[in-house]
Novice: 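Pasting a structure here, questions to come.
Position 1 is the first residue of the sequence, and the numbers go up from there.
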Amino acid sequence: MAQADGLGLAEELILLMLNEETGYLEMVPGWDFACVMAGAVIAGLSLEGRIDTDLESLRLLDATPTGDELLDPTLAEIAKSKQSSNAQYWIERIAASGAEEIVNTSLGRLVQTGILDYESGGFWTLSREVSRSHSYSSGDGTTQLEAKARILNLLVVDSIPDPRDAILVGLMHACDGFRLVLPPEEYEESLRRIETLTQLDLVGRSVYLSVRESAYRPLTRSVTPAKPIPKMGVLDVWRQRDFRAGNIPKALHGIYEEFGSVVEVPMRMDGKRTVAILGVEANQWVNRQGRFYLRSKDYIRGLEEVFGASRTMPGMDGPEHHRMRKSLRSAYSRASLAARLPELIHHCKEGVGRWQEGDLLRASATFQNLISSQVSHLGMGVDSSAYADELVAYEHRALITHVMGALPKFMLKTPKMRRARHHIPRMIRAIHASHTPAQRAGLEPDIADAILKLHESDPQLLPETDLAFPFVAAMVASIYLGSALAFAVYAMVSDPEVHEGVRREADALFGNGREPGAEDFNLASMDVTHRLFLESERMYPVIPWQFRTVMNRCEINGFELPAETQLMVCQTATHYSPEHFPEPEKFDIDRYLPERQEQATPGAYAPYGLGTHTCLGHRWVELQMPVNLLLIAHHLKLEIEPANYRLGINPFPTSAPNRKLKLRVAEVRNPV
């Protein structure tokens, strides 16, 4: 029996398990879920007429490939096998080695066919058309009812289902999936019908029982005791010279090489031990499964309280976090910034135009101020230049005291900080005043518009008491972006060949008084500049690690982490891995050429974080930063002062060039 609708059982199971509110699958990844996905492959081969299975045995009927990349590898293994085995044996074989690939391939297919939309951070949602109609066009041109609508309807309508749907009911029941997708009362009312449907088809019943047995009494799976987590001492940390130099990613890679992917570090947070996870496999685990096991609230709570907030996007997880990201994603997108490109160019030129020949610029402070001006205008629709320095200083101190814990909390209450704090309500009043319907008429929406719109439409999700934090958070971002720009300018000026390449691209875009449009800023026109920024983000990521709390006991690479473990996710340790980035200490923008693509390994390149908390505005940043680099290169010739300066890094609260890095304006090439 061919799959006329074009979707396999695995894809349909994904649709059944998908929670539209949270944007991810209901079931926590693990052995049970792996067995269910493996059962979908076995049942799929039976529906295709390649095998026959009953309660006792599994027999090969036809070894001809189906043309389905999910089914054919298992079919080939069955065809080669000389021993007589049952469905449970093969389900466990697939679950142990290929379940993750089944899920990833199924999700990819659903996105490719337009049934699901993928969102940054690892969220999936039904596409707008499918969400509205609960149906999609099948491979033969007919309309097919979406799996969840079809199967849940089957539970309340007394009719005999298609064998395929009976199998889906059995697979869901085998892992208690209906208990997850139905409210408790509905589940209890539907249980008898579910059990009846599970028994209707012989193949479905066989697979159902095999999955249940594999999940609860596996034939082939042995339980391996968790490995003891190695411990670092204070001296082990001190031996890492790169820590002392402020190069956190390189130091983290050194720890990974010495201790492995999971290590307890000599740091206690809230009196609890802290465990660091490092390496590509750890990064991939966070991307795939972190949402089920990790929460972010704990480390950000102190910063929220400083601004009087209780519910913020960085501190949210699960459905609320997904809803807020979904509501704000368009405001933080590249398209949003591209629509306002003339404004970005204007504000960048305004800042660059103040620098005159002979000026000596302190890199970090200069570029943080440049970016904070752009963010306040483009993101918040206000001019905060009169108090931006004090506001950024307060935000900087808040990060150090309440996130990093590097200073005592009273340091946020010094007279200078108290005066700076008064600028927060000043900025908020300015934002409200500039975002009335009359003031915004005819203007492109900005981030403040999106925040205020979310508050108006859902005041429970984003109450008035929590409005200050997202406004201020946008300004906090200017610290990160300013540091990133300072690193990138340093890298550009340090390499004459790269510098010349950026100048050529800049002059082609802006020369002879040209005013380029958004379509002019593409990967062809700013190839060198784009690769320069990618490499700068690899070598000098401004957020080299993140903190999380383990909320459900989990296992990473054979190491067990109990609930309430404080976790340091060291996502950028991979940036200095020779395995993924040969000669990692060399600044080499050619790593990102199509023939090399060294960043392509999932989890190897992670300057924007991992998983559900991946930076929402990273696509915005990947346009804003190159535009700034291009305008700086077009208008100015900069030199490092002193000429023999070696980059020093200040690692707290986020990585930035130290105060000794200065840039001299050697020449104004093209006056603004």
Novice: In terms of side-chain geometry, is the basic nitrogen of E320 or R311 positioned less than 4.0 Å from the acidic oxygen of its partner?
Specialist: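 Result for this pair is yes, salt bridge flagged.
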Novice: Do NZ/NE/NH1/NH2 and the carboxylate oxygens of E641 and K662 come within less than 4.0 Å?
Specialist: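 Salt bridge: no.
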Novice: Answer yes or no: is there a donor N or O on one side and an acceptor on the other, between the side chain of N628 and the main chain of Q624, under 3.5 Å?
Specialist: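 Here the side-chain-to-backbone pair exists.
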Novice: Identify whether the distance between the nearest side-chain nitrogen and carboxylate oxygen of R440 and D446 falls below 4.0 Å.
Specialist: yes
Novice: Main chain of K660, side chain of R362: is a donor-acceptor contact present, judged purely on distance under 3.5 Å?
Specialist: no
Novice: Give the minimum heavy-atom separation between Q374 and L344, together with the two atoms involved.
Specialist: OE1-CD1, 3.3 Å
Novice: Hey, what's the ring geometry for F547 with Y299, parallel, tilted or perpendicular (30° and 60° as the breaks)?
Specialist: tilted
Novice: Strictly distance-based, threshold 3.5 Å: is any side-chain N or O of S296 a donor or acceptor partner for the main-chain N or O of P314?
Specialist: yes
Novice: Look at the side chain of Y576 and the backbone N and O of M539, then say whether any donor-acceptor pair between them is shorter than 3.5 Å.
Specialist: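 At least one qualifying donor-acceptor pair exists.
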Novice: With a 3.5 Å distance limit and no angle check, can you tell me whether R244 reaches the backbone of W238 through a side-chain donor-acceptor pair?
Specialist: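 Between the backbone of W238 and the side chain of R244 there is a qualifying donor-acceptor contact (under 3.5 Å).
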Novice: Atom CD1 of I229 and atom OG of S261: how far apart are they, to the nearest 0.5 Å?
Specialist: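 The distance works out to 10.0 Å.
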Novice: Could you walk me through whether Y256 and V263 satisfy the side-chain contact (heavy atoms from CB on, under 4.5 Å) test, starting with their C-alpha distance in whole Å, then the side-chain angles of each, then the deciding distance to 0.1 Å, before giving a yes or no?
Specialist: CA-CA 8 Å; Y256 171 75; V263 56; over 6 Å; no
Novice: Please find the pair of heavy atoms, one from L462 and one from I451, that lie closest to each other, and give the distance.
Specialist: CD2-O, 3.6 Å
Novice: I'd like to know whether the aromatic ring centres of Y387 and H423 sit less than 6.0 Å apart in this structure.
Specialist: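 Y387 vs H423: aromatic centres under 6.0 Å.
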Novice: Side chains of E304 and S310: donor-acceptor distance under 3.5 Å anywhere?
Specialist: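 No - no donor-acceptor pair under 3.5 Å links their side chains.
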Novice: Is there a donor in the side chain of S478 and an acceptor in the side chain of S372, or the other way round, less than 3.5 Å apart?
Specialist: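 Judged by distance alone, the side chains do not pair up.
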Novice: Under a 4.5 Å cut-off applied to non-hydrogen side-chain atoms, are F471 and I447 in contact?
Specialist: no
Novice: Please give me the minimum heavy-atom distance between F521 and R334, naming the atom from each residue.
Specialist: O-NH2, 3.0 Å
Novice: Please report the interatomic distance OG(S655) to CG(N247), rounded to the nearest 0.5 Å.
Specialist: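 These two atoms lie 8.0 Å from each other.
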Novice: Taking the six-membered ring for Trp, are W545 and F243 parallel (under 30°), tilted (30 to 60°) or perpendicular (over 60°)?
Specialist: tilted
Novice: I want to check something: taking the side chain as every heavy atom from C-beta on, are V493 and H499 in contact at a cut-off of under 4.5 Å?
Specialist: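 Result yes, sub-4.5 Å side-chain heavy-atom pair found.
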Novice: Would R538 count as a cation-pi partner of F587, with NZ or CZ less than 6.0 Å from the six-membered ring centre and within 45° of the ring normal?
Specialist: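 Judged by the rule (NZ or CZ under 6.0 Å from the ring centre, within 45° of its axis), R538 is not positioned above F587.
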Novice: For residues V382 and S434, report the shortest heavy-atom separation together with the two atoms involved.
Specialist: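 Heavy atoms of V382 and S434 come nearest at CG1-OG, 3.6 Å.
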Novice: Which heavy atom of A604 sits nearest to which heavy atom of H575, and what is that distance?
Specialist: O-CD2, 3.4 Å
Novice: Could you tell me the separation between the NE2 atom of H530 and the CG atom of L629, rounded to the nearest 0.5 Å?
Specialist: 12.0 Å
Novice: Nearest 0.5 Å, what's the CZ-NE2 distance between R301 and H402?
Specialist: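 These two atoms lie 13.0 Å from each other.
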Novice: Spell out, as yes or no, whether a donor-acceptor pair under 3.5 Å connects the side chain of Q546 to the backbone of I543.
Specialist: no
Novice: Got a donor-acceptor contact below 3.5 angstrom from the Y605 side chain to the L534 backbone?
Specialist: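 Judged by distance alone, yes, a pair lies under 3.5 Å.
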Novice: So, D359 side chain and W355 main chain: donor-acceptor pair closer than 3.5 Å or not?
Specialist: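 Looks like no, no N/O pair under 3.5 Å.
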Novice: Under a 4.0 Å N-O cut-off, is there an ion pair linking K416 with E390?
Specialist: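 The answer is no: the pair does not qualify as a salt bridge.
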Novice: Can you check whether D242 reaches L252 side chain to side chain, under 4.5 Å on heavy atoms?
Specialist: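 D242 does not reach L252 side chain to side chain.
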Novice: Indicate yes or no: at least one non-hydrogen side-chain atom of T549 is less than 4.5 angstrom from one of Q566.
Specialist: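 In short, these two side chains touch, coming nearer than 4.5 Å.
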Novice: Count the heavy atoms belonging to other residues, nucleotides or ligands that lie under 6.0 Å from CZ of R426, then report whether that count exceeds 12.
Specialist: yes
Novice: Looking at CD of E622 and CZ of F533, how far apart are the two atoms once the value is rounded to the nearest 0.5 Å?
Specialist: 7.0 Å
Novice: NZ/K637 to CD/E357 distance, rounded to the nearest 0.5 angstrom?
Specialist: 10.0 Å
Novice: I'd like to know if the side chain of S336 and the backbone of S333 have a donor-acceptor N/O pair within less than 3.5 Å.
Specialist: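 Such a contact is absent between S336 side chain and S333 backbone.
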Novice: For the side chain to side chain donor-acceptor pair (under 3.5 Å) test, which of H613, H322, R548 pairs with D317?
Specialist: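 Running side chain to side chain donor-acceptor pair (under 3.5 Å) over H613, H322, R548 with D317 returns exactly one hit, H613.
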Novice: Check V668 against V665 and note the closest heavy-atom contact, atom names and distance.
Specialist: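 Where V668 meets V665 most closely, the heavy atoms are CG2-CG1, 4.3 Å.
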Novice: Quick check against the 3.5 Å criterion: does R531 have a side-chain atom that pairs as donor or acceptor with the backbone of Y592?
Specialist: no
Novice: Salt bridge check: are R295 and E564 linked by an N-O gap of less than 4.0 Å?
Specialist: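 Looking at E564 together with R295, the answer is yes, because their closest N to O distance falls below 4.0 Å.
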Novice: Taking the side chain as every heavy atom from C-beta outward, state whether M232 and I255 have any pair of such atoms under 4.5 Å apart.
Specialist: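 Sidechains of I255 and M232: in contact.
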Novice: For a 4.5 angstrom cut-off between non-hydrogen side-chain atoms, does V627 reach M526?
Specialist: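 Heavy-atom side-chain distance check fails, nothing below 4.5 Å.
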Novice: Do F367 and L481 make a side-chain contact, defined as non-hydrogen atoms from C-beta onward lying under 4.5 Å apart?
Specialist: no
Novice: Less than 4.0 angstrom from a charged side-chain N to a carboxylate O is my criterion; do R273 and E264 meet it?
Specialist: yes
Novice: Under a 4.5 Å cut-off applied to non-hydrogen side-chain atoms, are K297 and M316 in contact?
Specialist: no
